[in-house]
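In what follows, chains are A, B, ... by sequence order, proteins preceding strands, each numbered from 1. Every value quoted in this text rests on a predicted model; they were computed, and no experiment measured them.
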There are 2 protein chains.
Amino acid sequence: MAPRSKKDNEIIKQKRREQIIRHALESFAKHGYHRTSISEIAKAAGISKGLMYNYFDSKEDLLIGVLEFVMPQAVDTIFNSIAKKAETLTPRELMAFGIERFFEVMKDQADLWKLSMSLAMQVSDMPKIHQTFVQMFDMTFRQIEQLLKATGMPDASLKARLITAQLDGIALHYFVMGENYDLEAVKKAFIQELIS
Amino acid sequence: MAPRSKKDNEIIKQKRREQIIRHALESFAKHGYHRTSISEIAKAAGISKGLMYNYFDSKEDLLIGVLEFVMPQAVDTIFNSIAKKAETLTPRELMAFGIERFFEVMKDQADLWKLSMSLAMQVSDMPKIHQTFVQMFDMTFRQIEQLLKATGMPDASLKARLITAQLDGIALHYFVMGENYDLEAVKKAFIQELIS
DNA sequence: TATCTTTGACCAACCGTTCAGTCAAAAAAT
DNA sequence: ATTTTTTGACTGAACGGTTGGTCAAAGATA
């Protein structure tokens with residue numbers, strides 16, 4: 001009785017979802033969540049406004065979809081590249097390498113980061129989104145904690161808190177100050193202080 | 001020709017402005033800029049919507065007014081209390097004292113901070129607001145830079161960048177994680193590392 | 001009366017969301 | 001192979017609601 005194979009439909013749906021997510025991310029990142037309308041995203045994605053609601057129940061649901069799709073990718077990009085080098089580098093070198101990767105990803109995905117930080121500050125009415133952020137913060141924290149423990153550092157947990165805070169703080173300042181912020185110099189100083 | 005002396009009018013206007021700003025800040029901080037309507041603020045301030053536009057040209061203008069009124073206050077609160085103790089403490093002790101004050105203000109004015117950070121990430125369409133943030137970031141940076149120079153530290157400028165980033169990063173994490181974040185322990189570790 | 005302040009009804013624009021209906025393509029029937 | 005039926009992805013007009021912003025009129029003050 002099925003007019004179209006279920007497999008085909010699943011594939012089509014998945015592709016569409018990703019297509020919408022990609023354009024939604026772009027618009028959200030560029031103009032912010034509240035300033036972006038569903039119509040805008042639909043237009044950018046080349047589909048009708050109504051179809052958006054076949055894939056996402058609401059605007060907030062779309063936002064959750066975007067974040068859940070894209071945030072783990074960013075974290076994995078950093079820590080996968082660390083894992084690859086884990087065998088050939090000392091824990092200390094590994095840290096330095098990880099920091100470098102962090103700043104690369106931060107610069108590459110600046111828009112996503114800005115959006116995330118902006119949202120993270122105002123999620124009191126969006127518990128699901130809040131949870132997403134807490135999970136991601138926790139993920140990076142534990143990764144760094146583990147790296148520090150490998151170097152035999154005492155108080156690795158607290159130190160990891162300080163380092164992750166510093167990383168995100170630098171990102172914050174870089175995003176606000178823009179070109180006036182000498183990211184390279186700060187990065188160098190940060191690594192220097194960390195390794196010594 | 002004026003039925004009321006111009007001086008009186010100026011004073012009244014100033015008071016009204018502050019009254020509006022205070023309630024606007026409260027609403028903006030609680031629900032975010034976009035989620036807060038002019039009517040809401042007017043109601044909270046006990047005046048009509050129309051009157052709002054006698055004091056501020058637009059919603060964005062009101063936001064600028066709020067930030068320019070309230071942000072220097074927060075910064076001054078911290079650094080004035082430092083200045084008072086400047087004579088009786090060593091630069092190193094002064095730093096520790098300043099950090100303590102920083103965290104106090106951060107906790108007291110959490111809502112304002114959240115609002116500021118959230119806005120700071122998405123000001124590409126609001127150049128005036130962007131400038132306000134750059135100025136304030138620069139202010140705190142230079143204050144800390146000066147403190148560090150007083151301790152005779154080399155590379156005081158870069159070190160100041162790292163410290164301010166770490167402070168704001170801790171604030172960021174604290175705001176997102178909430179109760180799950182052991183702010184006291186992090187603060188202690190931060191000061192410990194800074195002083196030693 | 002003359003001047004300034006304040007009001008709140010009003011407006012046009014926009015928003016997220018819904019839904020009745022379309023249509024190409026796949027399955028079933030012939 | 002041809003026709004008929006069934007599907008569901010897709011459209012876009014429409015809706016209820018909200019928004020930032022305006023303005024003529026009323027109120028207050030001197």
Side-chain angles (χ1 to χ4, degrees), chain A residues 1-25 27-28 30-66 119 122 125-126 128-129, chain B residues 1-25 27-28 30-66 119 122 125-126 128-129:
Chain A
M1 293 287 177
R4 202 177 296 172
S5 80
K6 284 195 177 175
K7 239 196 232 169
D8 283 353
N9 275 331
E10 283 302 314
I11 291 172
I12 290 176
K13 269 216 158 193
Q14 199 54 38
K15 290 236 167 192
R16 266 270 188 270
R17 244 186 93 93
E18 280 193 34
Q19 178 194 5
I20 294 173
I21 283 180
R22 233 179 294 278
H23 285 98
L25 169 63
S27 294
F28 283 158
K30 201 173 279 177
H31 307 113
Y33 174 68
H34 292 287
R35 289 173 117 80
T36 303
S37 69
I38 295 284
S39 315
E40 255 178 72
I41 300 169
K43 200 186 218 174
I47 62 170
S48 72
K49 197 158 64 157
L51 188 56
M52 300 284 290
Y53 287 85
N54 277 27
Y55 294 92
F56 301 95
D57 291 338
S58 66
K59 193 184 178 186
E60 188 178 326
D61 189 47
L62 170 60
L63 177 60
I64 292 172
V66 169
L119 287 169
Q122 308 240 315
D125 297 339
M126 302 170 160
K128 277 187 191 172
I129 292 178
Chain B
M1 293 294 174
R4 202 180 297 171
S5 82
K6 282 193 178 175
K7 239 197 234 168
D8 284 353
N9 275 333
E10 283 302 314
I11 291 172
I12 288 176
K13 268 217 159 192
Q14 199 53 38
K15 292 237 167 190
R16 266 265 190 274
R17 245 187 91 93
E18 279 193 34
Q19 176 194 6
I20 294 173
I21 283 179
R22 233 179 293 277
H23 285 97
L25 169 63
S27 294
F28 284 159
K30 200 174 279 176
H31 307 113
Y33 173 69
H34 292 286
R35 290 174 118 81
T36 303
S37 69
I38 294 284
S39 315
E40 253 178 75
I41 299 169
K43 201 185 217 175
I47 62 170
S48 71
K49 189 161 83 163
L51 191 54
M52 299 283 291
Y53 288 85
N54 277 25
Y55 295 92
F56 301 94
D57 292 338
S58 66
K59 193 185 179 186
E60 188 178 326
D61 189 46
L62 169 60
L63 177 60
I64 293 171
V66 169
L119 287 170
Q122 308 241 314
D125 297 340
M126 302 170 157
K128 277 186 189 171
I129 292 179

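- The distance from atom CD1 of B/I41 to atom P of D/dG21 is 11 Å, rounded to the nearest whole Å.
- We find that CZ of A/R16 is positioned 13 Å from C1' of D/dG8, with the value rounded to whole Å.
- A search for side chain to side chain donor-acceptor pair (under 3.5 Å) contacts involving B/E60 returns nothing, not counting sequence neighbours.
- Contacts between residues 51-66 of chain B and DNA chain C, counted as heavy-atom distances below 4.0 Å, involve B/L51, B/N54, B/Y55.
- In this structure, the side chain of B/T36 does not engage the main chain of B/H31 through any donor-acceptor pair within 3.5 Å.
- D/dG8 atom C1' lies 20 Å from atom NZ of A/K15, rounded to whole Å.
- Between the side chain of A/K30 and the backbone N or O of A/L25 there is no donor-acceptor pair closer than 3.5 Å.
- Taking the ring pair (Phe, Tyr, Trp, His ring centres under 6.0 Å) definition, one finds that B/Y55 meets it with nothing, sequence neighbours left out.
- Residues of residues 32-40 of chain A having a heavy atom closer than 4.0 Å to DNA chain C, listed by number: A/T36, A/S37, A/I38.
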Atom pairs and distances, side-chain donor-acceptor, residues 37-48 of chain A, under 3.5 Å, sequence neighbours left out:
{"from": "A/S37", "atom 1": "OG", "to": "A/E40", "atom 2": "N", "distance (Å)": "3.2"}
{"from": "A/S48", "atom 1": "OG", "to": "A/L51", "atom 2": "N", "distance (Å)": "3.3"}

Atom pairs under 3.5 Å: protein N/O with N/O of nucleotides 9-12 of chain C:
none

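- The side-chain contact (heavy atoms from CB on, under 4.5 Å) search around B/D61 returns B/F56, B/D57, B/S58, not counting sequence neighbours.
- Between B/K43 atom NZ and C/dT6 atom C1' the separation is 18 Å, expressed in whole Å.
- Remark: A/H34 pairs with B/H34 by the ring pair (Phe, Tyr, Trp, His ring centres under 6.0 Å) rule, at least two apart or across chains.
- Shown here are the salt bridge (Lys or Arg N to Asp or Glu O under 4.0 Å) partners of B/R17, two or more places apart in sequence or in another chain: there are none.
- Residues that satisfy the salt bridge (Lys or Arg N to Asp or Glu O under 4.0 Å) test with A/E18, not counting sequence neighbours, are A/R22.
- With contacts defined as side-chain heavy-atom distances shorter than 4.5 Å, the pair B/F28/B/L62 qualifies.
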